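These numbers come from a predicted model, not from an experiment. Read the numbers this way: they start at 1 and go in the same order the structure lists the ligands and their atoms.
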Amino acid sequence: MFKVLKVDHIGIAVKDIDEAAKFWEGVLGLKIVAREEVAAQKVITAFIPSGDSEIELLQSTAEDGPIAKFIEAKGEGIQHIALKVDNIEEALAELKEQGVRLIDEKPRGGAGGAQIAFLHPKATGGVLLELCQRD
Ligand code: ZN
C-alpha cells in the first residue's frame with residue numbers, strides 16, 4: 001500500500017508570474033527558488049517554498065493550454081493540490097484497482113524532475129489532485 005507523505009505543494013494559476021511575485025515575494029517575503037518551463041503542459045512553473053510545503057505558481061505559455069483554459073473558466077486562483085507519495089506507480093495501480101478515475105494512468109515528468117499524475121476531480125470531491133514523487 002502506498003503512503004501519502006504530505007501536502008507537497010498547492011498549485012495556483014496566474015496570468016503573469018512576475019505580477020504574482022509582487023505579492024508572494026514583495027508582500028509576504030517568500031522567495032521563488034525555481035522557475036521552469038514544462039513544455040508538455042504548456043506552462044511556466046515557479047516554486048515558492050514555505051516551511052515543509054511549497055506554493056507553485058503556474059503561468060500558461062499557450063492560449064489552448066490547461067492553465068489558460070482554467071483561468072478563462074474560473075479566473076486566477078487555486079488550480080490543484082499536490083500530495084507527495086512514496087511510490088507513484090504503486091499509488092496509480094492501487095487507485096485504478098479501487099475504481100478511482102485517473103487523468104494520468106502513468107506518471108509523467110513534472111517540474112524539477114518530479115514524477116506526477118493527476119486524479120480526476122470527479123473522483124475527489126471537486127479537487128484536482130496531483131500525486132507527485134521526487135527522489
Ligand atoms: Zn503541481
Side-chain angles (χ1 to χ4, degrees):
M1 179 74 190
F2 71 98
K3 276 204 184 77
V4 173
L5 303 173
K6 65 170 188 171
V7 173
D8 188 83
H9 64 268
I10 296 170
I12 299 177
V14 301
K15 288 181 181 159
D16 182 333
I17 285 174
D18 292 325
E19 200 55 41
K22 289 180 187 167
F23 173 73
W24 294 94
E25 294 189 316
V27 177
L28 295 184
L30 297 169
K31 197 85 205 139
I32 293 174
V33 299
R35 199 187 280 239
E36 186 185 330
E37 181 168 352
V38 183
Q41 289 163 56
K42 299 179 181 174
V43 290
I44 297 169
T45 65
F47 279 90
I48 305 172
S50 174
D52 201 30
S53 298
E54 300 187 71
I55 301 292
E56 176 187 28
L57 302 179
L58 300 142
Q59 176 187 329
S60 190
T61 57
E63 274 175 33
D64 63 343
I67 294 303
K69 285 183 187 161
F70 176 90
I71 290 175
E72 200 180 299
K74 298 181 178 168
E76 293 179 292
I78 294 179
Q79 194 256 348
H80 68 272
I81 292 177
L83 300 177
K84 184 179 186 182
V85 295
D86 60 348
N87 186 330
I88 194 167
E89 298 265 5
E90 210 174 290
L92 292 171
E94 286 180 27
L95 291 169
K96 192 180 176 185
E97 208 174 285
Q98 290 181 55
V100 174
R101 187 164 163 195
L102 307 173
I103 293 175
D104 302 302
E105 298 210 347
K106 293 270 170 241
R108 50 181 157 118
Q115 292 281 94
I116 68 168
F118 286 95
L119 311 190
H120 201 282
K122 288 223 163 90
T124 63
V127 180
L128 178 59
L129 210 56
E130 173 188 331
L131 301 183
C132 70
Q133 182 183 355
R134 311 171 197 245
D135 33 31

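Note: Lys6 NZ to Asp52 CG = 3.5 Å, rounded to the nearest 0.5 Å.
In plain terms, the two heavy atoms of Gln79 and Leu58 that are nearest each other are OE1-CD1, 3.8 Å.
Leu102 and Ile88 fall within a single hydrophobic cluster, where Ile, Leu, Val, Met, Phe, Trp and Tyr side chains are chained together by heavy-atom contacts under 4.5 Å.
Backbone or side-chain N, O or S atoms of His80 reach the Zn ion (ligand 1) at under 2.8 Å.
At the Zn ion (ligand 1), the angle from OE1 in Glu130 to NE2 in His9 is 110° when rounded to 10°.
Every residue meeting the side chain to side chain contact (heavy atoms under 4.5 Å, CB included) condition with Leu83, not counting sequence neighbours, appears here in chain and number order: Val4, Val7, Leu129, Leu131.
Among heteroatoms of the N, O or S kind in Glu56, OE1 lies nearest the Zn ion (ligand 1).
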